[in-house]
Amino acid sequence: MGGWSVFVTCCVWAIFLLALFGDSLASAPEFDPYKVLGVSRHASQAEIKKVYKRLVREWHPDKNKSPGAEDMFIKITKSYEILSNEERRSNYDRFGQMDENQNFARAPQGFRHFHDSFYFDESFFHFPRTSRDFTDSKHHLHYNQYITEVLPASFKRPYLIKITSEWCFTCIHIEPVWKDTVLELEPLGVGIGVVDIGYERQLANHLGAHRTPSILGLINGKVTFFHYAVVREHLRQFVESLLPQKLVEKVTDNSYLEFLNSWHEENKPRVLMFDVASNIPLLYKLTAFAFKDYVQFGYVDMGLTQTSKVVQRFNINTYAPTMLLFKENTDKPADVIQARGMKKQIIDEFVSNNRFLLVPRLVNQKLFDELCPVKQFHRRRKYCVLLVTGEGEQFVSVNEAFFDFASSNTKEVVRFAYVYQRQQQPLCDTLLKKEDTTPPQVVLLERRSATGRVLYRTVTDGWNGSDDDKHRLHEQLEILQRDPSYLTHDAMLPELNNEFASMFLIQWINAAYDYLSQFYFDLLYSNWREMMPVLSLIFSALFILFGTVIIQAFSESGEDKPTKQKATDPPKTAESSPGQESTSSRPPKKNFVEVTELTDITYMSNLVRLKPGHINVVLILTDASKQVLLRKFAKEVYSFSGSQTLHYSFLNVDKHSQWMDSLMESAPDARPSDCLDEEEDFTSNKSDYTGHVLALNGHKKYFCIFRPVFTGEEAECSSSRQKATTLEIHHKLDRLGLWMERLMEGTLPRHYVPAWPGLDTITPQK
């Protein structure tokens, strides 16, 4: 223990002596970004940016081969990082900066003096300083750069972004893997970014990165975190997983014709990529993602026996990757490239030069802007030849003649396109209204402003596709190129309709699926800091939902108490006086039952066209028994009035005497069994249906029937009509409440009818 005490004491004295006499021992060369860039401390951002661009071009290691070029380039980049950010520049002006590892924004002045005097070479500890080397410096991201450049570019290529910080030892461990991955993926077209969380806290918070090291992917503006072991193959698979699933279609002998011939529906050229690999190479997927709005890609694995016919059909050399690009002619490719080492620059140039069909259809405003750009004063004029046509069979020959003319007149200053009048009606009406012509017509136009102003002229005598029409169009194009004033009409074109707008629902469903997948993925890996806003929203919604249910339950129990206390007071019907208003705030609960009369006016809405699942409970009465039965009926069904599927009506048999007879004849099984033997009495004598109640399901065409029961005694069918005259009428509905309970349970017998009898005839009053 004594030896350790001596060692510690010596170390303390050494640090003290270095603090006192460090300037004379070894002082670190001070880094001054103003001197590196050669600007004054009062230089504006514009001046700093101008000097930075000049120095970067001068000292870039790819152009400057001097030994100190790379170090100087790093200093220039670091200086611009400090001076281009107002907060960092202010901190430097106040505290100064000794080296790039010092957190000057938080260093007290006293510690700064000690730290400036205490300098050591960190190579003594064998820590390789790779966190700010040349590879990371050129990929370093600022917040403004991310918002204005990287985020929009993520819709054309995926980005792999590393979150790091100073003195992050784990970052040092993954650095060799990161370097190898960058060297592999960047030439393929993957964007690379590095964010220093100590310098770019705002950008790190925006990305949702709160620890180092972190690796994330960015595509289509959406951030996805990498949660696996940092291995080169895992990072490559992570980038592939970011891309949409069906970017490149696998093509075989059975599907290549369908793939090539579908250019007309999607309005895109087709590219067939031939290679010997079971999995589609990442380079092809990245190219397909970059040009997904313009070209459809297919992949042919030449190592399969199922692709031998298509390989022979186009005479493909199986020893080198090949790309064929097809436009309107599916028998012969419009362009071909073949190379053993297929490079991204070659593929991009190949696809970019052929990203439009020979005669594309104008399907949206974006395509119109690219095919027919606005005239620029410093550029050569470009004209558009637009065929206004239709989709029917009678236009096929006309359209093909226009395509033939366009294929033989491939001048750079002229672009050919066509439009369907039915799909782009506002555009066609604007171009054809002055001449008062109908399709097919050919229009020559030149765009003069981005707001829609054009100069145009309709080709004389229309377009039928004849040789005379082709000759006339060729002559007028020659005149136009010599004399731009040949376009005599001026118009403001409306914005084109997006003909693929119907795909929005599918895109929305895919976006929802991606969001739910990301939610599950984050939940699986317990990324709680990022999940807290979503979880907070979910629990808040659940709290509000359960709170609402509890409040409604208490309010419902409070409403039931006055009903029990006033059970002796009969509830009001639609025929009774309004009385006091209910204190309840719930719409289903009322202090009265709304009963409507079933007439020829309300018959269709209350029965025949009743919504599925709804039932109309109908009371049968007469003029004499109307008031008594309605009060008793309302009292019996009041406890069921809260149901939204039950409706209440009454039918006056004095007005519609034949309706019940017709209904009972349509459903013979609805008659009582003891009355079947008295068929002749039933037809000869008029039946008394007063007090009967029907539950009518208008949608399924069935009904349930309630027959009056008198004071608990079961009356014979033959004598029931005599007893009805001696007993009080309101006793007929004594057991209606029990019947209603069985109706709600669905245990009542159902009597089906082929159709509901009409209610048109009104019985004349005697």
Side-chain angles (χ1 to χ4, degrees), residues 152 266-268 293-294 355-392 395 398-399 402-403 405-406 409 411-464 469 472-504:
E266 298 185 12
N267 197 41
K268 295 178 181 178
D293 295 334
Y294 303 97
R355 66 183 186 274
F356 298 118
L357 294 170
L358 187 62
V359 186
R361 185 173 85 252
L362 297 184
V363 294
N364 51 46
Q365 186 65 35
K366 178 184 176 182
L367 182 60
F368 185 37
D369 293 339
E370 294 193 54
L371 285 174
C372 304
V374 178
K375 177 187 176 298
Q376 302 292 338
F377 292 101
H378 60 283
R379 295 182 180 176
R380 191 176 181 182
R381 293 176 180 269
K382 288 189 176 181
Y383 303 101
C384 281
V385 182
L386 183 62
L387 172 65
V388 180
T389 183
E391 305 175 56
F395 296 100
V398 173
N399 298 343
F402 186 76
F403 298 155
F405 179 84
N409 292 270
K411 295 183 179 180
E412 186 179 354
V413 296
V414 178
R415 291 283 182 86
F416 293 88
Y418 71 101
V419 63
Y420 286 144
Q421 184 185 31
R422 185 177 64 86
Q423 301 287 351
Q424 305 292 342
Q425 190 69 46
L427 173 71
C428 298
D429 291 345
T430 303
L431 294 176
L432 301 181
K433 65 180 181 180
K434 290 188 177 181
E435 301 288 341
D436 194 20
T437 54
T438 58
Q441 296 290 334
V442 175
V443 180
L444 311 178
L445 62 87
E446 179 187 17
R447 298 187 65 193
R448 302 305 297 264
S449 71
T451 57
R453 180 173 176 264
V454 297
L455 298 177
Y456 72 98
R457 184 187 183 106
T458 305
V459 176
T460 55
D461 297 333
W463 176 265
N464 295 318
D469 292 340
R472 190 183 308 110
L473 176 58
H474 185 270
E475 288 182 345
Q476 296 190 25
L477 285 175
E478 293 291 337
I479 296 174
L480 177 61
Q481 294 179 49
R482 293 194 305 266
D483 183 13
S485 62
Y486 184 69
L487 302 179
T488 56
H489 298 306
D490 191 346
M492 291 293 294
L493 296 183
E495 185 172 350
L496 270 68
N497 301 326
N498 187 0
E499 297 183 14
F500 296 145
S502 58
M503 303 296 291
F504 174 76

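Only this structure's heavy atoms are used, side chains among them; waters, hydrogens and symmetry mates stay out. Given the structure is predicted, the values throughout are model-derived calculations rather than measurements.
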Nearest 0.5 Å please: distance from the [atom1] atom of [X] over to the [atom2] atom of [Y].
X      : Y      : atom1 : atom2 : answer
Trp463 : Phe402 : CH2   : CZ    : 7.0 Å
Thr460 : Glu475 : OG1   : CD    : 9.5 Å
Gln476 : Leu444 : CD    : CG    : 6.5 Å
Arg457 : Leu487 : CZ    : CG    : 8.0 Å
Leu455 : Glu446 : CG    : CD    : 6.0 Å

How far apart are the closest heavy atoms of [X] and [Y], and which atoms are they?
X      : Y      : answer
Ile479 : Tyr486 : CG2-CD1, 3.6 Å
Phe416 : Pro360 : O-CD, 3.3 Å
Lys382 : Pro373 : CD-CG, 4.2 Å
Ala491 : Thr430 : CB-CG2, 4.1 Å
Leu427 : Pro494 : N-CG, 3.9 Å
Val388 : Pro439 : O-CB, 3.5 Å

Quiz item: Parallel, tilted or perpendicular: which describes the rings of His474 and Phe405, with under 30° parallel and over 60° perpendicular?
Solution: perpendicular
Self-check item: Audit row: Glu370, Tyr294, side-chain hydrogen bond (donor to acceptor under 3.5 Å, both in side chains) steps and yes/no
Solution: CA-CA 11 Å; Glu370 294 193 54; Tyr294 303 97; 2.6 Å; yes
Is any side-chain heavy atom of [X] less than 4.5 Å from a side-chain heavy atom of [Y]?
X      : Y      : result
Leu367 : Phe356 : yes
Arg447 : Asp369 : yes
Asn399 : Leu387 : yes
Asn497 : Pro426 : yes
Val419 : Leu386 : yes
Leu431 : Tyr456 : yes
Thr451 : Met492 : yes
Arg472 : Asp461 : yes

Practice problem: I would like to know whether Arg361 and Glu499 meet salt bridge (charged side-chain N to carboxylate O under 4.0 Å, His left out); could you show each step before the answer? | Solution: CA-CA 10 Å; Arg361 185 173 85 252; Glu499 297 183 14; 3.3 Å; yes
Quiz item: Distance-only, no hydrogens or angles: does the Asp469 side chain make a donor-acceptor pair with backbone N or O of Asn464 under 3.5 Å?
Solution: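 Yes; judged by distance alone, with no hydrogens or angles, the pair exists.
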Exercise. Decide salt bridge (charged side-chain N to carboxylate O under 4.0 Å, His left out) for Arg355 and Asp293; before the verdict, give the C-alpha distance in whole Å, the side-chain angles of both, and the deciding distance to 0.1 Å.
Key: CA-CA 9 Å; Arg355 66 183 186 274; Asp293 295 334; over 6 Å; no
Quiz item: side chain to side chain contact (heavy atoms under 4.5 Å, CB included) between Val414 and Asn409: does it pass, once the steps are laid out?
Solution: CA-CA 8 Å; Val414 178; Asn409 292 270; over 6 Å; no
Quiz prompt | Test side chain to side chain contact (heavy atoms under 4.5 Å, CB included) applied to Asp490 and Arg453, step by step | solution = CA-CA 7 Å; Asp490 191 346; Arg453 180 173 176 264; 3.1 Å; yes
Exercise. Begin with the C-alpha distance, continue with both residues' side-chain angles, and end with the deciding distance and a verdict on side chain to side chain contact (heavy atoms under 4.5 Å, CB included) for Leu357 and Asn267.
Key: CA-CA 8 Å; Leu357 294 170; Asn267 197 41; 3.6 Å; yes
Exercise. Step by step, work out the side chain to side chain contact (heavy atoms under 4.5 Å, CB included) result for Thr389 and Tyr420.
Key: CA-CA 5 Å; Thr389 183; Tyr420 286 144; 4.0 Å; yes
